[in-house]
Amino acid sequence: MKKVIIIGSGIAGMSAALHCAENGIQTVLVSPFPSERAQSVMASGGINAALNHQNDGDTVESHIEDTLRGGRFIAGEEAVRGLCEAAPDIVRYLQKIGTVFSLNEKGEIDQRAFGGQSHQRTCFSGASTGKQIVSTLVMECRRYEAAGLIERKLWSDFHSALIRDGRCYGVLLYNEAKRTLEPFTADAVIMATGGQNALFGKTTGSTQCDGYAAGRLFLQGAELKNLEFIQYHPTTLRTPGKRMLISEAARGEGGRLYYLENGKRVYFLEDKYGEKGNLMPRDVVAREIYNAGKEVFLDVTFLGKKTIDSRIPELRDLCRKYRGIDIYRESIPVEPSVHFFMGGLAVDNHHETNIRNLYAVGECASIYHGANRLGGNSLLAALYSGQVAAADIARRFSGTQDEGSDFVPDFEDYVRTQSEKLFRSMETESLFPVMYIRDMVAESLWEKLGIVRDEEDLTEGIEEVSYYLSIADKIRYDGSVLPYFNYSLEGILTLAKATLVCAKERRESRGAHFRKDYAKEEDAYRAATVISYDEGEFRVRLDREGRYES
Amino acid sequence: MRVKILRQQYPGAEPYWQTFLYDGDADASVAAVLDTLNYKDDVVDADGNHAPRIGWECSCLQGLCGGCAMVINGHPALACETFVRDLGEEIVLRPLSKFPVISDLVVDRGVIQENLKASGDYIGEYTPPSPKEHAHQYAAAKCLKCGLCLEVCPNYGKGEHFYGAVFANDCYLVASTSKEQGESFRKEYAGHFAAGCSKSLSCMEVCPMQIPTIASMAKLNRRG
Ligand SMILES: Cc1cc2nc3c(=O)[nH]c(=O)nc-3n(C[C@H](O)[C@H](O)[C@H](O)COP(=O)(O)OP(=O)(O)OC[C@H]3O[C@@H](n4cnc5c(N)ncnc54)[C@H](O)[C@@H]3O)c2cc1C
Ligand code: SF4
Ligand code: FES
C-alpha cells in the first residue's frame with residue numbers, strides 16, 4: 001500500500017489526510033499537538049463559496065474575479081478557477097460531515113460580506129467557523145484512524161526532509177518523548193505547517209506557526225514564492241499578551257472606522273471610498289489606517305444589542321475580557337497587525353513543490369492569493385489544497401499509472417550527522433537564550449517589513465538578520481528549552497532573510513507590499529517572486545512563465 | 001508578586017516547587033506572566049538562582065485552543081483567560097493532575113482522543129439533524145478537548161472506565177447526526193459515562209466554552 005506522511009494537522013493537513021485515506025492510501029499525520037491546538041481553530045469569520053444564498057446574483061465567475069483582483073493579478077487564473085469552482089461542493093461536504101453552519105431564515109447556509117468581495121459570499125458558523133470545521137474534520141479523521149488508514153503521530157516535530165537528487169523520500173522527525181531524531185520514508189510528503197508567525201513574534205495567530213519547515217526546506221533546495229506579501233489585518237486589539245483579531249465580520253455587519261479630529265469623528269474610509277469604504281480589501285484599509293497617523297476606532301454600538309448578541313457575540317466577549325471594553329456602548333481602539341502570509345513554499349497547480357513527491361498545502365503553500373488574500377479564502381484554500389494534493393498523489397501512485405518506485409537511497413549518513421549535530425548542541429549547559437534571538441529578529445521584522453517599506457530599511461533588515469544567521473551555527477544553545485526551539489532557529493532566520501530579500505527586489509507597490517520609494521504598481525512586476533537557495537546565495541526571479549501556479 | 005510553580009524536568013522526574021517574582025501589568029493573563037518570565041535573557045527565581053525556562057503549552061493565547069489548561073490557585077482554568085488582577089498576592093501554578101506530566105506545566109492529554117477513538121466516536125452515515133438541535137450542536141462542537149472538566153470531576157480518574165464530560169458532548173454530536181452510529185454508540189455512552197456520572201456538574205462550572213453538558217446528557221438519555 002502507498003504511504004504518505006503529512007506534517008501539520010490543521011485544516012489543510014486533515015483535509016489532505018482524509019482524501020488520501022479515501023483513496024486507500026496509508027497516511028501518517030504528524031504534529032506536536034492535536035488538531036484542536038492548530039491555528040485553524042482560531043479562524044472566526046468564515047469561508048467563501050458562491051452559493052448565492054443571499055440572492056444577490058453571486059456566481060463562481062465573480063468569486064474568481066474578486067480573488068484575482070484582490071491578489072492584484074499575480075495569482076494563477078487556472079488555479080484560482082479550480083479553487084472557486086470547487087468551493088460550493090466543499091461547503092456542502094463540510095455540512096454533510098457535520099459542520100454546524102449558521103443558517104438563514106430559509107434554513108440555508110447564511111452568507112455575509114467580507115472585504116474586497118462583490119457579493120455576500122462568506123459562509124460562517126457563528127464566530128467560530130474554523131473551530132466548527134476542525135471539530136468535524138477531527139471526527140471524520142477518527143473514522144479512518146479506527147479503520148487503520150490514518151495514524152496520528154503526536155509529540156513529533158519536523159526536522160528536515162529526506163531529499164536526494166531533487167526527489168523526496170520521507171522526513172526526519174524529532175520525537176519529543178524519546179528525544180531522538182527518527183527517519184520515516186514514504187511515497188510522498190505533504191507539508192501543512194501553516195504560516196510563519198514567529199518571524200514577527202506576536203501576531204493574531206498561533207504560536208505554533210513558526211515558518212521553520214519552509215526555511216529548512218528552502219535550505220534543502222525547495223523554492224519559495226511571494227514572501228514579501230504579508231497581510232496586515234487592519235483591525236486588531238492590543239493586549240498585554242498578544243494582538244487579538246477584530247474580525248472583518250464586525251465591518252461586514254456594518255461596523256465603521258473613524259478617527260477623531262478636533263473632537264469630531266472622521267469616517268475616513270467612507271469619505272474616500274464611499275459607502276463600502278469600510279470593507280475595502282485589507283491591504284487598502286491597513287494602509288489608510290497607517291496613513292491616518294492617528295488612533296483609529298471601530299464603532300459597532302449603533303448595531304444594537306440584538307445584532308451584536310446574535311452576529312458578533314465572540315467579539316463582544318473578547319473586548320470585555322481582555323480590555324474591559326463594552327462594545328454595546330464604546331468604540332474599540334484598533335490597529336493593524338501581521339495576520340496572514342500569502343508567501344510560502346512554491347507549488348504548482350497540483351500542490352507539488354519543485355522537489356518531486358514533496359507537496360505543500362494550506363497556509364504554508366503560496367498559491368491562489370497573489371499579493372493579497374481575501375478574507376474567507378484561506379479556509380477554502382486549506383480544504384481545497386488538501387484535496388488537490390491527495391488527488392494528485394492518488395492519480396500518480398495508483399494502478400497502471402504508478403509512478404512510485406521501491407528504491408530508497410541510503411540516508412544513514414545524513415541521519416547520523418544530523419543527530420550528532422543535535423546532540424552536541426543539547427549537551428551544552430549554556431543559558432544562551434535562543435528565544436531571545438527570536439524576539440530580536442521579530443523586532444527587526446516589525447520595523448523593516450512594516451505596512452510601508454523602503455530600500456534603506458530593507459537593506460538594514462537584511463544586514464541585521466544576516467548577522468544573527470552568521471552566528472546561529474556557532475552559538476551554544478539554550479539547554480532549557482525544547483531541542484526543537486534550538487534547531488529551528490536557523491530555518492526561521494533563513495526564512496526571515498529570504499523574506500526581506502524578496503521585499504527588496506520587488507521595486508513596486510502591489511497588494512500588501514507597499515514601497516514608499518516605488519509607490520506605483522508596475523506592469524514589469526506583474527508576476528510572482530520566486531526565491532531559491534544556491535550554496536549560500538539567495539537567488540530571486542520573477543515567475544513570468546508561470547512555472548508554478550498557472 | 002510571587003509566582004509559585006510546581007516544576008518537573010521530564011516524565012517521571014521528581015517534581016519540585018520554584019518561586020519567581022513578577023512585577024508587570026495586573027491586566028496581564030497568567031499566560032502573559034509565563035511569557036514575561038521566560039522571555040528574559042536569563043531566567044532567575046525569587047532567590048536569584050538560575051532556573052530553566054518554564055515549560056507550558058500554548059497556541060492561540062485567547063481561549064480558543066485549550067492548550068494552556070492548568071491548575072491556577074487551586075482552580076483548573078486556562079492560563080490565557082485568567083488574569084493577574086483576579087488572583088490576589090500569590091499565583092500558584094500546577095500541571096493538571098489527571099494526566100502524565102511531560103515537563104513542568106505540559107501534560108499529555110492523549111487519553112482524551114484515545115478514548116474517543118476506542119469507542120467509535122465518529123459519524124457513519126450522516127442523517128440531517130433536526131433544526132431544534134442546531135444551537136446545542138454548535139455549543140458542543142466548540143469543545144476544546146482541554147481536559148479541565150476531567151481535572152475537576154470527582155469521578156474521573158485516569159480515564160480507564162469513566163470518560164467524563166468531554167466524552168458525553170462528543171457522544172451527543174454523533175448521536176444527533178448519525179442514525180447508524182447512534183445505536184451502538186449509546187451503549188458506549190451508557191458504559192463509559194452514564195454509569196459513572198454522579199451529576200456533581202462541576203464540569204460545567206469550569207468549562208471555558210460554557211458547554212451545557214447537562215443538555216447533552218438529557219438528550220442522550222431521552223433517546224435511549
Ligand atoms: C485569528 C485568525 C482568524 C482567521 N480567520 C479566518 C477566516 O475567518 N477565514 C479564513 O479563510 N481564514 C482565516 N484565517 C486564516 C486561516 O485560519 C489559516 O490560513 C488556516 O487555518 C491555515 O490552516 P493550515 O491547516 O494551513 O495551518 P494551521 O491550522 O496553522 O496548522 C498548522 C499545523 O502544522 C503544525 N506544525 C507547525 N510547525 C510544525 C513542525 N515544525 N513540525 C510538525 N508540525 C508542525 C501545527 O502544530 C499545526 O498542526 C484566520 C487566521 C487567524 C490567525
Ligand atoms: S467540555 Fe469544556 S472543559 Fe471539557 S474538554 Fe471540552 S471545553 Fe474543556
Ligand atoms: S493558549 Fe489557547 S486556550 Fe490558552
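These values consider heavy atoms only, across backbone and side chains, with no hydrogens, waters or symmetry-generated copies. In this text, all values refer to a predicted model and were calculated from it rather than measured experimentally. The sequence lines fix the lettering, A, B, ..., with proteins before strands; numbering per chain opens at 1.
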Legend entry - Region of I123(B) that comes under 4.5 Å of a non-hydrogen atom in chain A: both
Legend entry - When Q62(B), K117(B), Q113(B) are compared by non-hydrogen pairs under 4.5 Å with chain A, the top option: Q62(B)
Inset, instruction - Pick one of side chain, backbone, both or neither for L318(A), based on which atoms fall under 4.5 Å of a heavy atom in chain B. - result: side chain
Report all side-chain donor-acceptor pairs from residues 14-21 of chain B shorter than 3.5 Å, counting only partners two or more places apart or in another chain.
residue	atom	partner	partner atom	Å
Y16(B)	OH	Q9(B)	NE2	3.1
Q18(B)	OE1	R7(B)	NH1	3.0
Q18(B)	NE2	D45(B)	OD2	3.2

Legend entry - Most contacts with chain B, counted as non-hydrogen pairs under 4.5 angstrom, among M139(A), Q39(A), R37(A): R37(A)
Legend entry - Portion of E57(B) that has a non-hydrogen atom of chain A nearer than 4.5 angstrom: side chain
Inset, instruction - Would you kindly say whether D110(A) and S102(A) are connected by a side-chain donor-acceptor distance under 3.5 Å? - result: no
Legend entry - Check ion pair R142(A)-E145(A) (N to O, under 4.0 angstrom): no
Inset, instruction - Please test Y138(B) against S128(A) for side chain to side chain donor-acceptor pair (under 3.5 Å), starting from the C-alpha separation and ending with a verdict. - result: CA-CA 9 Å; Y138(B) 178 77; S128(A) 62; 2.9 Å; yes
Inset, instruction - For the pair R320(A) and D326(A), find out whether any cationic side-chain nitrogen is under 4.0 Å from an anionic carboxylate oxygen. - result: no
Inset, instruction - Step through it carefully: locate the ring centre of F83(B), locate the ring centre of Y322(A), and say whether they are under 6.0 Å apart. - result: yes
Inset, instruction - Tell me, for V30(B) versus chain A, whether the close heavy atoms (under 4.5 Å) come from the side chain, the backbone, both or neither. - result: neither
Inset, instruction - Identify which of N38(B), D121(B), D25(B) forms the greatest number of heavy-atom pairs closer than 4.5 Å to chain A. - result: D121(B)
Legend entry - Contact class of T204(A) relative to chain B, heavy atoms under 4.5 angstrom: backbone
Legend entry - Flag if over 12 foreign heavy atoms under 6.0 Å of CZ, R179(A): no
Legend entry - Interface moiety of A31(B) toward chain A, non-hydrogen atoms closer than 4.5 Å: neither
Inset, instruction - With a 4.5 angstrom heavy-atom cut-off, could you sort out which part of L116(B) is near chain A: side chain, backbone, both or neither? - result: both
Legend entry - Shortest non-hydrogen separation from C65(B) to C60(B) and the atoms involved: N-SG, 3.4 Å
Legend entry - Selection from M244(A), Q132(A), E314(A) maximising heavy-atom pairs under 4.5 Å formed with chain B: Q132(A)
Legend entry - Best-contacting candidate, G205(A), G126(A), G324(A), against chain B by heavy atom pairs under 4.5 angstrom: G126(A)
Inset, instruction - Please look at D170(B) and chain A and tell me whether the side chain, the backbone, both or neither of the residue comes under 4.5 angstrom of a heavy atom of that chain. - result: both
Legend entry - For chain B, the option from R438(A), Q95(A), R152(A) that forms the most heavy-atom pairs under 4.5 Å: Q95(A)
Inset, instruction - Return yes if a side-chain donor-acceptor contact under 3.5 Å exists between Y172(B) and E133(B), otherwise no. - result: yes
Legend entry - K242(A) portion near chain B, given a 4.5 angstrom heavy-atom threshold: side chain
Inset, instruction - Start with the C-alpha gap between T180(A) and N175(A), add the side-chain angles, then the distance that decides, and say whether side chain to side chain donor-acceptor pair (under 3.5 Å) holds. - result: CA-CA 5 Å; T180(A) 52; N175(A) 182 322; 5.2 Å; no
Inset, instruction - Under 4.5 Å, counting heavy-atom pairs only, tell me which of C146(B), A140(B), G67(B) racks up the most with chain A. - result: G67(B)
